[in-house]
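Each remark here refers to the structure printed beneath this line.
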Amino acid sequence: MDMTVATKTTSELRFDERGLIPAIVQQYDSGEVLMLAWMNTEALRLTQETGTTWFWSRSRAELWNKGATSGNVQTVHQILYDCDADCLLLRVDSLGPACHTGQRSCFFREVKHG
């Protein structure tokens, strides 16, 4: 597992005024975009320490470990951040659906013109 965002580089990240940073989750071998969630520094630390994805729930105001209740665990292969250091890309192996609806990806609906 390549944890690109190591402890020494997390200080470079730009969290918003709520202490959050968006995290795009991508299947590592296919490139499929699975979901977007939010992380705070604790979620990022737990993700690095455990090798599974942790996020901050804005609606519940608590940390959550993806797959802890559903069994759809995401094993982290790599954590990257963008050129502005204000967005993360987590390359994972997702064992099941990423979406709470049961869909493989949260991005299964299309915006149609008009």
Side-chain angles (χ1 to χ4, degrees):
M1 173 180 357
D2 177 9
M3 294 295 196
T4 302
V5 180
T7 304
K8 65 180 181 176
T9 62
T10 56
S11 63
E12 297 175 34
L13 297 176
R14 294 177 42 207
F15 292 83
D16 70 12
E17 65 282 349
R18 299 165 297 175
L20 302 175
I21 190 167
I24 299 165
V25 181
Q26 177 186 51
Q27 178 64 32
Y28 83 99
D29 54 357
S30 69
E32 178 183 20
V33 176
L34 301 173
M35 59 185 283
L36 172 100
W38 295 88
M39 297 180 101
N40 60 12
T41 55
E42 182 68 3
L44 179 57
R45 184 188 67 75
L46 287 167
T47 296
Q48 291 176 293
E49 286 181 6
T50 66
T52 63
T53 54
W54 284 80
F55 302 106
W56 177 256
S57 170
R58 296 175 300 161
S59 60
R60 296 187 315 265
E62 65 183 15
L63 289 166
W64 58 283
N65 181 214
K66 177 68 177 156
T69 56
S70 68
N72 299 323
V73 175
Q74 296 173 340
T75 304
V76 179
H77 283 254
Q78 189 176 38
I79 302 173
L80 303 168
Y81 60 96
D82 73 343
C83 56
D84 294 324
D86 62 0
C87 185
L88 299 174
L89 175 65
L90 282 72
R91 300 186 72 236
V92 306
D93 187 15
S94 186
L95 299 180
C99 186
H100 73 280
T101 66
Q103 295 288 324
R104 172 78 180 147
S105 170
C106 292
F107 297 97
F108 62 92
R109 298 180 289 182
E110 183 179 349
V111 176
K112 301 209 180 210
H113 181 68

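Here, residue 1 is the first one in the sequence, and each next residue gets the next number.
- Just one of Gln78, Gln74, His77, Met35 meets the side chain to side chain contact (heavy atoms under 4.5 Å, CB included) condition when paired with Val92; it is Gln74.
- Within the structure, side-chain hydrogen bond (donor to acceptor under 3.5 Å, both in side chains) contacts touching residues 33-42 (residues at least two apart or in different chains) are Glu42-Arg45.
- How far CG of Leu90 is from CH2 of Trp54: 14.0 Å, rounded to the nearest 0.5 Å.
- Minimum interatomic distance between Ser57 and Arg60 (heavy atoms only, all atoms of both residues): OG-N, 3.0 Å.
- With sequence neighbours left out, the side-chain hydrogen bond (donor to acceptor under 3.5 Å, both in side chains) criterion links Asp86 to no other residue.
- Clustering of Ile, Leu, Val, Met, Phe, Trp and Tyr side chains at separations under 4.5 Å leaves Phe108 isolated, with no partner residue.
- Applying the salt bridge (charged side-chain N to carboxylate O under 4.0 Å, His left out) criterion to Asp16, with sequence neighbours excluded, gives Arg18.
- Counting heavy atoms from C-beta outward, Val76 and Thr53 have side chains that approach closer than 4.5 Å.
- The line from CH2 of Trp56 to CE of Met39 is 13.0 Å long, rounded to the nearest 0.5 Å.
- Contact of the Asn65 side chain with the Thr52 side chain is registered, since non-hydrogen atoms from C-beta on lie closer than 4.5 Å.
- The hydrophobic side chain of Val111 is isolated, with no ILVMFWY side chain under 4.5 Å apart from it.
- For the atom pair CD1 of Ile24 and CZ of Arg91, the computed distance is 12.5 Å after rounding to the nearest 0.5 Å.
- Annotation: the span from Ile21 atom CD1 to Leu13 atom CG amounts to 4.5 Å, rounded to 0.5 Å.
- By the rule that hydrophobic residues join a cluster once side-chain heavy atoms approach within less than 4.5 Å of another member, Val25 and Val73 end up as members of separate clusters.
- Contact check for Leu34 versus Gln26: no side-chain heavy atoms found under the 4.5 Å cut-off.
- The salt bridge (Lys or Arg N to Asp or Glu O under 4.0 Å) analysis of residues 99-114, with sequence neighbours excluded, yields the pairs Glu32-Arg104.
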Pair Phe15-Leu20, side-chain contact (heavy atoms from CB on, under 4.5 Å): steps then yes or no
CA-CA 5 Å; Phe15 292 83; Leu20 302 175; 5.5 Å; no
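- Considering only heavy atoms from C-beta on, Leu36 stays 4.5 Å or farther from Cys106 through its side chain.
- Side chain of Lys66 to main chain of Ala98: a donor-acceptor pair is present (N/O by atom type, distance under 3.5 Å, no hydrogens or angles).
- Note: Asp82 CG to Leu89 CG = 9.5 Å, rounded to the nearest 0.5 Å.
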